[in-house]
Amino acid sequence: MPELPEVETTRAGIAPQITGRRVSKVIVRDRRLRWPVPPALARELPGQRVHEVTRRAKYLLLKADTGSVILHLGMSGSVRILTRSLAPLPHDHIDIRFGRAAILRFNDPRRFGCVLWTRRDPFSHPLLADLGPEPLSADFAGEKLYESSRGRKVAIKNFIMNAQVVVGVGNIYASEALYLAGIHPRRPAGRISLARFNELAAQVQRVLRAAIRAGGTTLRDFTDSDGLPGYFSQSLKVYGRTGLPCKRCGEAIRQEVIGQRSTFFCPHCQR
DNA sequence: ATGCGGACCTGTTAGC
DNA sequence: TGCTAACAGGTCCGCA
């Protein structure tokens, strides 16, 4: 579920419900996530206020009085806000309770996600310290991609999915952005011109923004069980369209494995 | 430094 | 219909 648009939609959904509220209790039902949930979370967070809910890459950051919660949804994670007590379902691993007002409930079947606690600046946490630029920031442009790609032989698909290069481009939107920019996913990153990188950067922004808009519409009230904007799938040009005609030229969309992930592209429109 | 493959998990779907 | 295998939106880590 969670690519950057889903994470951003989640952030926007939960922020108004917990910002400024005081945590009353943290319940950890299963601490076996990607990294074990630190005991300090349940020990230190209760009694503190959440001051803001931000996002860096696909990490959600809950800034509290003496530290921050760092939360990642992995492949299958979701959070939702309950406004009344509900019996936990399978994989409801963590509750962060805000008195009677709200419960933030973290669910993650595959447990690739994480919920961590740091007393330091979360941006200096090892998981966040080396991350590349945010694709939706105003200063994100093709130049950065172009410069960091010189001499690199890695396929462009893998390159733009590398979080040290640019964050937030997951498997779906990597295929989509490359299609929109007309770039073959296997093309070596170092053999792409500045002009084409400018186009790619623009299309990355465009597709992510469009998906956020679609997600935002679907999940307006956030008591829904999973943060799945099932909606944007209608707008996908290549992802999941193996064998179907390209919407531009009619050629059959190809599916190949690149970097161990399924990749979708039009062999005619992408070079 | 770079690039590749494996690892972590469970649930759902595709195929025989 | 039922069993098994393949696959799934992420990303860290170790090795060559």
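All chains are named by letter (A, B, ...) in the order of the sequence lines, taking the proteins before the strands, and each is independently numbered beginning at 1.
Between the base of B:dG6 and the side chain of A:Gln260 there is a donor-acceptor pair shorter than 3.5 Å.
Both A:Pro90 and A:Arg152 lie near DNA chain B, and the one whose nearest nucleotide falls closer to the 5' end is A:Arg152. Closest-nucleotide positions on DNA chain C for A:Leu127 and A:Arg110 were compared, and the one nearer the 5' end corresponds to A:Arg110.
With A:Arg110 contributing its side chain and A:Ser76 its backbone, the two residues share no donor-acceptor pair below 3.5 Å.
Side chain of A:His72, nearest nucleotide from C:dG10, B:dC4, C:dC7: C:dG10. If you check B:dG6, B:dG3, C:dG10 against the side chain of A:Val154, the one that comes closest is B:dG3. With C:dG10, C:dA8, B:dT10 as the candidates, the nucleotide lying closest to the side chain of A:Asn171 is C:dG10. Distances from the side chain of A:Met75 to the nucleotides C:dA8, B:dC4, B:dG11 place C:dA8 closest.
A cation-pi arrangement is absent between A:Arg55 and A:Tyr59, since the terminal nitrogen or guanidinium carbon is not both under 6.0 Å from the aromatic centre and inside a 45° cone about the axis. Note that A:Arg248 lies in the cation-pi zone of A:Tyr179, set by a 6.0 Å cut-off to the ring centre and a 45° limit from the axis.
Side-chain nitrogen and oxygen atoms of A:Arg111 include at least one within less than 4.0 Å of the OP1 or OP2 phosphate oxygen of B:dT10. Within the 4.0 Å cut-off from OP1 or OP2 of B:dT2, not a single side-chain nitrogen or oxygen of A:Lys153 is found. Not one side-chain nitrogen or oxygen of A:Ser76 sits closer than 4.0 Å to the OP1 or OP2 atom of C:dG10. Considering only side-chain N and O atoms, A:Tyr173 lies nowhere under 4.0 angstrom from the phosphate OP1 or OP2 of C:dG9. Between B:dA7 and A:Arg34, no contact under 4.0 Å exists linking OP1 or OP2 to a side-chain N or O. An OP1 or OP2 oxygen of B:dT10 is reached within less than 4.0 angstrom by no side-chain nitrogen or oxygen of A:His91.
Backbone-only contact: A:Tyr59 has heavy atoms under 4.0 Å from sugar-phosphate atoms and none from a base.
To the nearest whole angstrom, the two P atoms, one in C:dC12 and one in B:dG11, are 24 Å apart. Taking the P atoms as reference points, B:dG5 lies 16 Å from C:dC7, given to the whole Å.
A side-chain hydrogen bond (donor to acceptor under 3.5 Å, both in side chains) check over residues 36-51 of chain A, counting only residues at least two apart or in different chains, returns the pairs A:Glu44-A:Trp117, A:Glu44-A:Arg119, A:Gln48-A:Thr66, A:His51-A:Asp65.
In this pair, A:His93 and A:Phe106 present their aromatic rings tilted. The plane angle is within the 30 to 60° band.
Here A:Phe112 does not count as stacked on B:dC9, because the ring centres are not under 5.5 angstrom apart with planes under 30°.
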